[in-house]
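Quick notes on the structure that follows.
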Amino acid sequence: MRRTKGFTFRKIFLPPHKLSLTRPRPFKAYSFVPFSPFAMLDPTILTLGGIVLGIALIERILERWGVIDLVNQFAKVMRFILPVTFYSALIYFFATFMF
């Protein structure tokens, strides 16, 4: 007759590992996100740029046609729109692609 050996729970499973008393030293990790020029192909950036370029082209065409009063009105509007559009697009770009 064969005799079977009995296994106890402690023999099957190893005892839990004790935590080491030495802790690893913390280190500083720096990250670098390279700038990609393809990020400027975002549809929002392209739309804003297209609108500004379209207004500038319309202004040049009206100037060639000799409609100076309308060109002056466009120039007054563009003095306000261009900086606002530029800084808005710059803030949008950095807010969406850098963080």
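These numbers come from a predicted model, not from an experiment.
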Side-chain heavy atoms nearer than 4.5 Å, only ILVMFWY residues, links allowed to pass through others: does that put [X] and [Y] together?
X     : Y     : result
Tyr92 : Ile81 : no
Ile45 : Phe94 : yes
Leu82 : Val71 : yes
Ile55 : Leu70 : yes

Using a 4.5 Å cut-off on heavy atoms from C-beta on, say whether the side chain of [Y] contacts that of [X].
X     : Y     : value
Ile58 : Phe74 : yes
Phe86 : Leu48 : no
Met78 : Val52 : yes

**OP:** Output the distance between atom CD (Glu59) and atom CG (Leu57), rounded to the nearest 0.5 Å.
**Re:**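 Here the rounded value is 10.0 Å.
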
**OP:** Can you measure from CG (Leu46) to CD1 (Ile51) and round to the nearest 0.5 angstrom?
**Re:** 11.0 Å

